S.K.: 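Dropping the structure in here first, questions after.
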Amino acid sequence: GQSRKVEVGTRSVVSFQDIGGQNTAKNELMEALEFVLRPADMERLGIRPLKGILLTGPPGTGKTLLAKAAANYTDSIFMAASGSEFVEMYAGVGAQRVRQLFRDARQVARKENLSSAIIFIDEIEVMAGRRGQHQSHLEYDQTLNQLLVEMDGMSTTEDVRILVMAATNRADLIDPALLRPGRFDRTVRVDLPDRQGREAILMLHTRNKPLAAGVDLGQIALETFGFSGAHLESVCNEAAILALREEAEAVTHQHFKAAIDKVLLGEKLDRHLDR
Ligand code: ATP
């Protein structure tokens with residue numbers, strides 16, 4: 001988004017159990033997080049520390065949730081930023097913000113007495129697209145270079161270990177320099193959910209809703225092919241709003257059907273208006 005707010009560092013409350021489907025992504029991620037959980041063993045075996053994980057896949061599939069769950073799982077501070085926050089008119093400002101982000105992460109972790117921090121950068125392609133393809137080359141290169149400098153300088157012997165997680169739905173735009181060893185060593189694909197994944201997501205987002213007899217989440221999962229987790233969350237919310245309008249005691253299968261149409265229509269409008 002356009003907003004300039006960098007989320008202040010927090011302890012994350014999202015866990016892997018709050019994420020429906022995405023089993024492959026979760027497993028790959030948890031495996032990679034061993035690096036954060038076992039620094040002494042990594043050191044003993046002389047394993048190069050993992051500094052960055054790139055999450056790729058369509059919007060609304062749970063990349064941000066996965067990063068938050070990773071912070072919770074590893075007892076790390078969670079700091080979130082978006083690539084667009086670093087794009088500035090004046091030379092050096094973007095680079096300055098990158099420095100500040102890493103400084104803040106370390107500071108907040110110390111304050112919270114935690115030995116690790118996860119920095120999450122959404123829409124990384126905005127700041128880390130292929131260099132030399134951007135309008136204001138100079139400023140842009142400085143910002144990306146600063147990110148690389150920070151990552152190259154990170155070490156396991158610091159009092160606060162940092163892991164950078166970045167997300168993009170345009171992996172094709174990423175500067176290959178970012179993917180070199182010692183930078184974003186791992187890429188985890190976060191795809192649209194399959195039928196089982198959709199059912200799991202629907203179950204999560206109806207946990208707090210009264211469902212009428214006859215609501216069949218398996219059937220709804222079948223009928224929502226191509227929906228992302230964010231779409232499915234909308235479907236559940238819209239269905240409940242319809243129930244409220246009708247003063248219904250519980251959300252019915254019909255409410256869900258109507259909500260699916262509503263979300264589909266909104267999606268079409270978005271595309272039409274190029275929003
Ligand atoms: P973007 O690329 O647009 O930033 P994202 O992949 O980071 O998207 P999230 O921000 O993690 O997506 O998801 C948006 C919302 O959609 C979540 O807050 C959640 O309500 C819902 N959601 C998405 N994926 C899942 C999932 N796998 N399980 C449960 N909820 C999900």
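Just follow the structure's listing: the first ligand is 1, and inside any ligand the first atom is 1. All of these numbers come straight from a predicted model, not from anything done at the bench.
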S.K.: Among all protein heavy atoms, pick out the one at the shortest distance from atom 7 (O) of ligand 1; state its residue, atom name and that distance to 0.1 Å.
M.R.: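 Protein heavy atom at minimum distance: Thr64 OG1, 2.6 Å.
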S.K.: Provide, to 0.1 Å, the distance between atom 2 (O) of ligand 1 and the closest protein heavy atom, together with that atom's residue and name.
M.R.: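 For this ligand atom, the closest protein heavy atom is Lys63 NZ, 3.2 Å.
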S.K.: How long is the span from the CG atom in Leu66 to the OH atom in Tyr73, to the nearest 0.5 Å?
M.R.: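 Here the rounded value is 13.0 Å.
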S.K.: Report yes if some N/O of Gly62 lies less than 3.5 Å from some N/O of ligand 1; otherwise report no.
M.R.: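 Yes, since at least one N or O of Gly62 sits under 3.5 Å from an N or O of ligand 1.
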S.K.: Within the 4.5 Å heavy-atom criterion, are Val164 and Phe184 side-chain neighbours or not?
M.R.: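 When only atoms from C-beta onward are counted, Phe184 and Val164 do touch, with a gap below 4.5 Å.
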S.K.: State which residue, out of Thr56, Thr187, Thr168, fulfils the side-chain contact (heavy atoms from CB on, under 4.5 Å) condition with Ile174.
M.R.: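 Among Thr56, Thr187, Thr168, the one meeting side-chain contact (heavy atoms from CB on, under 4.5 Å) with Ile174 is Thr168.
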S.K.: Is any side-chain heavy atom of His205 closer than 4.5 Å to a side-chain heavy atom of Leu232?
M.R.: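 They are not in contact (no side-chain heavy atoms under 4.5 Å apart), so the answer is no.
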S.K.: At under 4.0 Å between heavy atoms, is it the side chain or the backbone of Ile201 that contacts ligand 1, or both, or neither?
M.R.: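 The answer is the side chain of Ile201.
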S.K.: What protein heavy atom sits nearest atom 28 (N) of ligand 1, and how far away is it?
M.R.: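 Ranking protein heavy atoms by distance from atom 28 (N) of ligand 1, first comes Gly20 N, 2.9 Å.
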S.K.: Given side-chain hydrogen bond (donor to acceptor under 3.5 Å, both in side chains), test Gln146 with Gln142 step by step and report yes or no.
M.R.: CA-CA 6 Å; Gln146 188 59 40; Gln142 279 185 19; over 6 Å; no
S.K.: Answer yes or no: is there a side-chain heavy-atom contact under 4.5 Å between Lys68 and Thr64?
M.R.: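 Touching, per the 4.5 Å side-chain cut-off.
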S.K.: Against heavy atoms of Asp122, which atoms of ligand 1 measure under 4.0 Å?
M.R.: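 It comes down to these atoms of ligand 1: 4 (O).
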S.K.: Hey, which atoms in ligand 1 end up nearer than 4.0 Å to a heavy atom of Ala230?
M.R.: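 With Ala230 as reference, the close atoms of ligand 1 come out as 16 (O), 21 (C), 22 (N), 23 (C).
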S.K.: Mind checking whether Glu233 contacts ligand 1 via backbone (N, CA, C, O), side chain (CB onward), both or neither, at a 4.0 Å heavy-atom cut-off?
M.R.: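 For Glu233, only side-chain atoms sit under 4.0 Å from ligand 1.
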S.K.: Look at atom 22 (N) of ligand 1 and say which protein heavy atom is nearest, naming residue and atom and giving the distance to 0.1 Å.
M.R.: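 For atom 22 (N) of ligand 1, the nearest protein heavy atom comes out as Gly229 C, 3.6 Å.
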S.K.: Determine whether a donor-acceptor pair (N or O, by modelled atom type, separation under 3.5 Å) exists between the side chain of Arg183 and the backbone of Leu148.
M.R.: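 It does not hold such a pair.
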S.K.: For atom 17 (C) of ligand 1, what is the nearest protein heavy atom, given as residue, atom name and distance?
M.R.: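 The closest heavy atom on the protein side is Leu65 CD1, 3.9 Å.
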S.K.: Could you establish whether Gly60 and ligand 1 come within less than 4.0 Å of each other, counting only heavy atoms on the residue side?
M.R.: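 Judged by the 4.0 Å heavy-atom criterion, Gly60 does count as contacting ligand 1.
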S.K.: Report the C-alpha distance between His231 and Ser234 in whole Å, list the side-chain angles of each, state the deciding distance to 0.1 Å, and finish with yes or no for side-chain hydrogen bond (donor to acceptor under 3.5 Å, both in side chains).
M.R.: CA-CA 5 Å; His231 287 136; Ser234 287; over 6 Å; no
S.K.: Where is the nearest protein heavy atom to atom 29 (C) of ligand 1: which residue, which atom, and how far?
M.R.: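 It is His205 NE2, 3.5 Å.
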S.K.: Please report the interatomic distance CD1(Ile260) to CG(Leu264), rounded to the nearest 0.5 Å.
M.R.: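 If we round to the nearest 0.5 Å, Ile260:CD1 and Leu264:CG are 7.5 Å apart.
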S.K.: Using a 4.0 Å heavy-atom cut-off, which part of Glu123 comes near ligand 1: side chain, backbone, both, or neither?
M.R.: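 Neither; no heavy atom under 4.0 Å.
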S.K.: List ligand 1 atoms under 4.0 Å from Pro59, heavy atoms only on the residue side.
M.R.: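 Ligand 1 atoms under the 4.0 Å threshold to Pro59: 2 (O), 3 (O), 8 (O).
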